[in-house]
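Below is one structure; the comments refer to it alone.
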Amino acid sequence: MSITSKRIDRRQFLKSSSGVALFIGVSGILPQLISCKEPKKLAEQLEKHRLTAWVQLTEAGELTIYNPAAEMGQGSMTSLPLIFAEEMDADWSKVKVEFSPQEAEIYGGEGWRPGSKLMFTVGSRTTNSYYSTMRKAGAQARYVLLTAAADHWDVPLSELSATNGQVVHQKTNREIGYGALVPFLKMPETLPDFAEDQLKNPKDFRLIGKEIARTEIPAKVDGTAQFACDIRLPEMVYGVLERGNLHGAKPDLTNEEEILAMDGVLKIVPFDYAIGVIAKTLEQALDAKKQLRIDWSKSQASGYNSQQIYAEYQKIADRRQKGEVTVEIGDVGNALRSASKTYMIDFKNDYVYHAQMEPLNAVVQVAEDLQSAEVWVGSQQGPDTKLGVPGLLGILPEKVTVHLQYLGGGFGRRSMNDFVEECAVLAMEMAPRPVKLIWTRKDDITYGTFRPLSLQRLQATVDATANITGLSHCVVGDGGNLVASGARNDHYDIPNQLVEWREATHGIRLKHWRSVGHGPNKFAIECLLDEVAMDQKIDPVDLRRKLMAKSPKALATLEKAAELSDWNGPVKEGRAKGVAFVEHGSLGTGVCEISVDRNSGKIKVHNFWIALDAGVIVQPDNVKAQMEGGIIMGMSSVLKEQITIEDGRVQQSNFDTYQLLRMQDIPDRIETALIASYDHPEGVGETATPMVAGAIANAFLRLTGKRLRHLPFTPERVLEVLNS
Amino acid sequence: MATYTLDINNIKHEVDVSEGTSLLWVLREHLGLTGTKYGCGIAQCGSCTIHVDDTPMKACILQVDTVAEGQKIKTIEGLSDDGDHPVQKAWIEAQAPQCGYCQSGQIMQAVALLKENPNPTREEIKTYMNGILCRCGTYLRILEAIELAAGAKIPTN
């Protein structure tokens with residue numbers, strides 16, 4: 001198929017397509033163009049004509065706007081289309097939202113690196129990286145409509161304006177709805193490449209920053225929201241894998257014949273690290289999985305005991321030889337030599353697991369000739385938009401269609417597509433029958449990918465007037481940035497800073513976990529500051545106020561949080577407040593109020609107050625929801641969650657042994673103040689979670705004079721600290 | 001294999017499955033009632049909460065043969081015709097869900113709570129809802145939604 005043969009006269013296309021497609025859209029030429037064999041040419045073609053691919057319009061004025069990002073609860077299904085609709089001057093009540101096709105050349109965000117286009121919902125970057133893209137695309141859609149109206153009325157474009165789904169010609173007092181313009185649409189030869197200053201003044205926003213209900217919530221309360229595990233296809237069969245609980249071990253199946261003889265079992269598919277079983281029904285597949293007799297080899301993880309490793313980590317931290325330096329400002333060595341006092345503290349954190357409520361799963365159908373595939377999946381996408389399937393099958397990316405579904409939680413786990421590849425392997429074996437792969441919860445935990453265990457050794461130096469002059473932060477653990485990120489301080493004016501990472505590997509599967517290194521590292525930094533504050537008899541807020549003197553935005557969050565929490569006000573008997581600051585794109589200060597049951601060791605969080613500066617806030621209520629969720633997930637991980645490894649084997653296997661925070665342990669209140677700003681939006685999904693450990697430990701220090709230095713703060717550990 | 005007749009959302013369904021099959025798989029994979037979710041399989045997370053004769057139960061640990069004797073099973077799909085049960089409306093008003101995966105179970109549990117106890121205290125709500133996990137951390141909004149529904153402070157439009 002050549003590009004030229006598909007070059008349809010666009011005017012004709014627009015007229016003949018039953019008034020549905022305003023621009024290239026799913027109902028029209030896009031799928032055909034996409035299936036051409038020369039993606040580069042396609043990109044050029046699209047670029048040349050600057051065709052917008054984001055929206056469809058009916059004659060009734062109904063709009064369908066595409067969301068290019070994954071929806072895992074963070075609200076992209078509303079926020080991105082809302083930004084588009086703002087600049088399009090659309091009538092929001094007529095907007096429907098659908099996932100865009102998973103085609104990065106068209107729908108990829110440019111926020112990752114210059115010139116790249118990625119569909120990748122990670123790092124809380126969705127709104128940040130798509131904000132300008134969606135604004136410009138919305139403005140272009142508006143431009144097409146204005147051009148059509150100018151042509152139709154034979155008036156200059158400059159005399160037209162648009163509002164709430166109508167084009168208006170004030171001079172003649174005429175207006176026409178967007179839908180009514182469908183018969184007159186034509187694609188302009190070029191679309192203006194709107195610069196930021198040609199877009200709306202944020203002061204004039206009608207949708208952004210307003211209380212707009214989330215588009216997908218009705219489907220999430222009536223059971224119709226579709227997750228990948230809900231997909232059912234004709235002739236579909238079920239796949240499960242037994243992966244064991246010793247990461248890296250190789251399986252040797254000893255009862256293959258017995259398994260193959262079981263009811264409904266269709267095939268056994270060996271993997272390097274697992275045994276796969278395909279059966280007619282899910283229950284048959286699960287029954288067979290239970291009966292598998294597998295001898296597992298030893299692996300790199302064999303002999304590793306996570307709770308005994310800290311002594312070794314301390315020795316690694318003791319070494320004179322520095323690790324990989326990730327931040328170096330000034331000269332920490334000098335600061336140490338000239339300090340009037342030095343503080344050195346070790347902090348520790350155990351492994352934690354994502355525990356997204358929807359266990360991993362996917363549905364894949366491979367064509368009989370193995371030359372094309374369809375994938376239904378809840379994925380945070382990735383650098384490979386087709387999630388590794390083309391490589392596995394040895395086919396071109398355009399031969400793989402990915403149907404993105406809602407994600408029952410992501411938190412970083414679903415940006416790794418091991419489960420999609422597993423399903424594709426099974427589907428290849430069963431082609432052309434579709435295969436649904438289900439991970440049980442046990443699979444999801446025992447073969448999980450964890451936030452690494454680590455040790456942080458922090459040293460702070462102060463001068464004779466109690467100024468913090470230096471901060472050295474040594475991280476020991478596996479996974480590079482997974483442990484070392486978030487150790488940087490851009491908003492504390494500390495003239496000498498050093499961050500270094502020292503590696504220790506154990507063969508345990510690791511992964512980004514909401515906030516990544518920020519969780520453990522902000523915990524360590526914020527606790528160290530309070531340690532200094534207590535020793536120097538400075539109020540923790542005053543200490544941070546001084547450090548933030550050169551960062552007015554950070555300082556504003558501190559002041560606001562102090563005000564919201566009545567920091568200097570009276571505290572109830574048996575309670576104390578603690579503060580922590582986090583930058584993760586957006587800037588936030590959190591204050592919590594806790595009490596401790598000195599008999600059980602249980603910490604109760606009563607209140608959490610947050611002040612956040614995230615630039616332009618697209619959906620204020622949703623940002624508050626992200627703060628609430630981030631705090632609750634933070635509390636869950638800080639107070640309860642713990643994966644332990646014995647002789648390389650993961651010890652937890654379900655929610656009975658891996659405890660999450662439940663409703664009885666929620667705070668009375670999580671209150672968020674959003675600081676007004678017209679700056680470019682910053683991510684909000686990972687700013688709250690890393691506040692929690694520091695804020696709680698700092699409150700605990702003020703309440704008891706004792707130090708919580710090892711995550712999680714389980715009742716046993718709290719008792720141990722209290723009795724120390 | 002055996003044939004079972006299940007009364008689900010006031011409709012009789014016949015299914016051919018092995019004795020002992022989990023009701024959750026029957027609902028989701030055999031009958032396509034996928035609003036009820038799988039989360040743990042051991043009655044720890046509550047994503048699969050349904051009603052059996054008006055009592056909230058975890059479908060994952062119910063064997064099909066134990067609910068095929070005329071018991072009335074209700075799933076999220078049978079809660080209302082148009083997603084307009086007062087609890088569902090309260091859920092939208094409070095903008096409770098995030099990822100949404102656990103919310104069918106949360107709603108089914110909340111409906112049962114309000115039927116038993118139309119004016120629960122905060123502590124009663126927390127206790128009754130404690131068995132349903134939410135990883136996104138929407139608990140405060142779930143609480144708010146239940147209080148809204150209990151107080152019938154739900155806008156009508």
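Per chain, numbering begins at 1; letters A, B, ... match sequence-line order. Every heavy atom of this structure was used, including side-chain atoms; hydrogens, water molecules and symmetry mates were not.
With a threshold of 4.5 angstrom between heavy atoms, A:I666 approaches chain B through its backbone and through its side chain. Of the two parts of A:R214, the backbone and the side chain both hold a non-hydrogen atom closer than 4.5 Å to a non-hydrogen atom of chain B. Of the two parts of B:T138, neither the backbone nor the side chain holds a non-hydrogen atom closer than 4.5 Å to a non-hydrogen atom of chain A. Only the side chain of A:E216 comes within contact range of chain B, with at least one heavy atom under 4.5 Å from a heavy atom of that chain. Interface residue B:H30: backbone and side-chain heavy atoms are both found under 4.5 Å from chain A. In this structure, chain A has heavy atoms under 4.5 Å from both the backbone and the side chain of B:L133. There is no contact between B:L33 and chain A, counting heavy-atom distances below 4.5 Å. Within the 4.5 angstrom heavy-atom criterion, no atom of A:D444 approaches chain B.
Across A:G630, A:A355, A:G409, A:G264, the residue that shares the most heavy-atom pairs under 4.5 angstrom with chain B is A:A355. Between chain B and the options A:M236, A:H354, A:R514, heavy-atom pairs under 4.5 Å are most frequent for A:H354. Ranked by heavy-atom pairs under 4.5 Å with chain B, the list A:R669, A:R441, A:R662, A:Q226 is led by A:R662. Counting heavy-atom pairs under 4.5 Å between each of A:M663, A:E283, A:K220 and chain B puts A:M663 at the top.
The backbone N or O of A:L661 lies less than 3.5 Å from a partner atom in the side chain of B:Y139, making a donor-acceptor pair. Between the B:R28 side chain and the A:C229 main chain, a donor and an acceptor come within less than 3.5 Å of each other.
Of the N and O atoms on the side chains of B:Q44 and A:D656, not one donor lies less than 3.5 Å from an acceptor on the other residue.
Checking each of A:E628, A:Q626, A:M72 against B:Q98 for a side-chain contact (heavy atoms from CB on, under 4.5 Å) leaves exactly one that passes, namely A:Q626.
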